[in-house]
Amino acid sequence: MPRFLALMGLGLLLVALGVWNLRGDVSSVHWYNRRKVAEGDRPAYGKWMGSGTVVLGGCLALAGVLDLTLGRWEHAELVMAAVILAGIAVGLGLILYAQIRYNRGIF
């Protein structure tokens, strides 16, 4: 499978899950990771988790588009790697913030 399709597919799947969480439905988050979240905090928790997931997915999808458009440019893979690493750093940062603040810890 071409790298473009793999990045786009995974990216769009994560964006869809993130939007699902942003709407307040955190059922896609494993029960163990949301078990200590108070009922009143679920909408805020969903927004933070969803934002992190959308950032992760969006950066993967953007890397897929860059793979398609930059083609054989000698620095294309470096640019794609930078986009993916930035998305991982920001996305996981938002997700960890939600876990620590609303679930009272990572686990």
(request) Check M8 against V65 and note the closest heavy-atom contact, atom names and distance. (result) SD-CG2, 3.9 Å
(message) Under a 3.5 Å distance rule, please check whether D67 uses its side chain to pair with a backbone N or O of F4 as donor and acceptor.
(response) yes
(message) As an exercise, state the distance from SG of C59 to CD1 of I84, rounded to the nearest 0.5 Å.
(response) 8.5 Å
(request) Flag the pair E77 and R72 as a salt bridge only when some basic side-chain nitrogen lies within less than 4.0 angstrom of an acidic carboxylate oxygen. (result) no
(request) Answer whether the closest heavy-atom distance between the side chains of W48 and Q99 falls below 4.5 Å. (result) no
(request) State the CG-CG distance between L62 and L66, to the nearest 0.5 angstrom. (result) 4.5 Å
(message) Starting from V54, can I reach M49 by hopping between I/L/V/M/F/W/Y residues whose side chains sit under 4.5 Å apart?
(response) no
(message) Please check this pair: side chain of R3 against backbone of G64, looking for a donor-acceptor N/O pair closer than 3.5 Å.
(response) no
Which pairs would a plain distance check flag for residues 10-24, meaning a side-chain donor or acceptor within less than 3.5 Å of a matching protein atom at least two apart in sequence or in another chain?
residue, atom, partner, partner atom, Å
W20, NE1, D25, OD2, 2.9
N21, OD1, S28, OG, 2.8

(request) Compare all side-chain heavy atoms of L56 with those of I95 and state whether any distance is below 4.5 angstrom. (result) yes
(message) Is there a continuous path of hydrophobic side-chain contacts, each under 4.5 Å between heavy atoms, that joins L85 to L60?
(response) no
(request) For the residue pair R101 and D41, establish whether any side-chain heavy-atom pair is separated by less than 4.5 Å. (result) no
(request) Kindly give the heavy-atom pair with the smallest separation between A76 and L70, and that separation in Å. (result) CB-CB, 3.8 Å
(message) To the closest 0.5 Å, what do you measure between NZ (K47) and OH (Y102)?
(response) 9.5 Å
